[in-house]
There are 2 protein chains.
Amino acid sequence: MHFGEMGSRWGFNRTVGQIYALLVLSETPVNANTLGETLGVSRGNVSMAIKELQAWRLVKVQHYPGDRKEYYQPLGTIWDMASTVFDERRKREVDPTLSLLRDILMQAQDNHDDDYALQQMRDIHDLLDMFMRWADELQSLGPDKLQALMKLGSGAIKVLNLKDKLLGDKTETDKQ
Amino acid sequence: MHFGEMGSRWGFNRTVGQIYALLVLSETPVNANTLGETLGVSRGNVSMAIKELQAWRLVKVQHYPGDRKEYYQPLGTIWDMASTVFDERRKREVDPTLSLLRDILMQAQDNHDDDYALQQMRDIHDLLDMFMRWADELQSLGPDKLQALMKLGSGAIKVLNLKDKLLGDKTETDKQ
DNA sequence: CTGAACTTTCAGAAGTTACTGAAAGTTTAA
DNA sequence: TTAAACTTTCAGTAACTTCTGAAAGTTCAG
């Protein structure tokens with residue numbers, strides 16, 4: 001189905017995406033053979049996909065008495081999933097980029113032959129860093145409050161405008 | 001460099017990422033030959049990468065009198081870049097997923113044999129949809145206000161708490 | 001122990017994506 | 001026109017990713 005393709009942009013391959021989709025949509029836990037047969041992929045492939053889903057902390061295993069097979073189930077809610085994937089990708093993609101940028105900026109301290117590039121990197125670093133801190137804060141709110149905040153939506157903007165009017169132009173630093 | 005790898009997760013390949021990084025870091029426009037030589041890739045590859053960057057509306061072309069080569073420059077600020085990439089990916093990845101989900105949900109109207117799966121899909125659809133609407137609102141704020149909002153950070157949460165206390169429990173619908 | 005019921009691993013095959021470079025296309029100056 | 005100075009295209013190849021399935025590993029009941 002189409003869900004697999006989506007998955008490839010979230011950092012895992014088609015089979016992993018499809019298996020996860022099946023698990024999420026199934027009310028009861030599913031075993032590896034059934035997954036393989038349903039999707040038409042080999043047993044080995046299913047095993048590797050499950051392994052990866054476990055590395056992402058996205059599935060848990062169930063056992064039924066009198067049956068030695070492992071039955072898989074998604075771990076946590078849709079929110080947990082989104083949150084976990086966000087964490088993992090951050091750890092794998094963003095954090096290394098931020099520290100690379102920091103290293104370059106440190107080493108170039110008093111080397112003035114490429115001020116422009118350094119300033120660009122500083123800007124990117126600061127933007128990414130600010131965004132990530134914000135994302136952390138939002139994530140730490142938990143689903144309920146975050147959802148409320150999203151629904152509030154443009155309401156938050158009104159608060160912001162109000163604050164500006166009350167406090168003057170403090171935050172309006174970088175018009176372009 | 002490491003920037004290329006980052007790019008591959010943003011929907012384009014290594015060379016495209018590297019070329020864009022070079023352009024962003026260069027104060028003056030750069031021509032295709034220089035790009036190719038600097039990165040050690042073929043002229044043809046540079047041409048295709050530039051074509052892709054143009055499809056993403058991320059570069060513009062400059063000409064110098066007495067020189068027929070095309071000189072490339074990033075189009076817009078870092079913020080514009082982030083914003084453009086977000087738009088494009090949304091159009092390519094999220095929108096199709098949302099409409100697929102909607103189609104399935106419509107067609108399954110009064111088919112009760114898989115209520116659980118349908119409910120899961122509805123949840124995912126609603127979460128994704130809410131998130132995207134929110135992202136739209138934030139994006140339409142423009143860089144200055146968005147930055148202010150991010151810096152406000154946990155302040156917004158206090159506002160939210162205050163609102164809850166004043167208005168009662170209206171928004172607290174889905175505890176888990 | 002033994003062997004049946006499983007899961008995991010991994011070498012090689014299949015499939016996919018990216019890159020090269022020669023050829024074709026475009027533009028402009030003379 | 002012509003030809004020089006470029007850019008684009010694309011068939012073939014290289015590099016990478018994913019998948020298969022047989023073999024090895026694990027667990028457990030008898």
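Each chain gets a letter, A, B and so on, in the order its sequence line appears, and its residues count up from 1.
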*Tell me: NE2 of A/His63 to P of C/dC6, nearest whole Å?*
11 Å
_Less than 4.5 Å apart, side chain to side chain, heavy atoms only: is that true for A/Trp134 and A/Leu138?_
yes
*Going by atom types alone, do A/Asp123 and A/Gln119 pair a side-chain donor with an acceptor below 3.5 Å?*
yes
*Rounded to whole angstrom units, what separation is found between the CZ atom of B/Arg68 and the P atom of C/dA30?*
9 Å
*Cut-off 3.5 Å, side chains only: do B/Tyr20 and B/Gln18 have a donor facing an acceptor?*
no
_Residues A/Glu52, A/Asn13; criterion side chain to side chain donor-acceptor pair (under 3.5 Å); working and verdict_ = CA-CA 10 Å; A/Glu52 180 146 15; A/Asn13 69 31; 5.0 Å; no
*If you take all heavy atoms of B/Asp129 and B/Arg102, which pair is closest and at what distance?*
OD1-NH1, 4.1 Å
*Over how many whole Å does the gap from A/Asn13 atom CG to D/dT17 atom P extend?*
11 Å
*asked:* Nearest whole Å is fine: how far is C/dC10 P from A/Arg43 CZ?
replied: 16 Å
*First of B/Val16 and A/Gly44 reached from the 5' end of DNA chain C, by closest nucleotide*: A/Gly44
*Considering heavy-atom distances to DNA chain C, does A/Glu70 or A/Met48 have its closest nucleotide positioned more toward the 5' end?*
A/Glu70
*d(OH, B/Tyr64; C1', D/dC6) in whole Å*: 17 Å
_Any heavy-atom pair between the side chains of B/Met121 and B/Ile104 that's under 4.5 Å?_
yes
*Ignoring hydrogens and angles, does a donor from either the side chain of A/Arg14 or the base of D/dT18 sit under 3.5 Å from an acceptor on the other?*
no
*Taking side chain as C-beta onward, heavy atoms only, is A/Tyr71 less than 4.5 Å from A/Asn31?*
yes
*Would you indicate whether the side-chain heavy atoms of A/Asp95 and A/Arg90 approach each other to under 4.5 Å?*
yes
*Is A/Leu105 linked to A/Ile124 within one hydrophobic cluster, defined over Ile, Leu, Val, Met, Phe, Trp and Tyr using a side-chain heavy-atom separation of less than 4.5 Å?*
yes
*asked:* Let's see if you get this right: which residues in residues 30-42 of chain A place a heavy atom under 4.0 Å from DNA chain D?
replied: A/Gly40, A/Val41, A/Ser42
Atom pairs under 3.5 Å: protein N/O with N/O of nucleotides 12-15 of chain C:
none

_Tell me the interatomic distance from B/Lys51, atom NZ, to D/dT8, atom C1', rounded to whole angstroms._
8 Å
_Whole-Å gap separating C1' (C/dG21) and CG (B/Asn45)_ = 11 Å
_Rounding to an integer number of Å, can you tell me how far A/Phe12 CZ sits from D/dT17 P?_
17 Å
*Determine: side-chain N/O of B/Thr15 to OP1/OP2 of C/dC19, distance under 4.0 Å, yes or no.*
yes
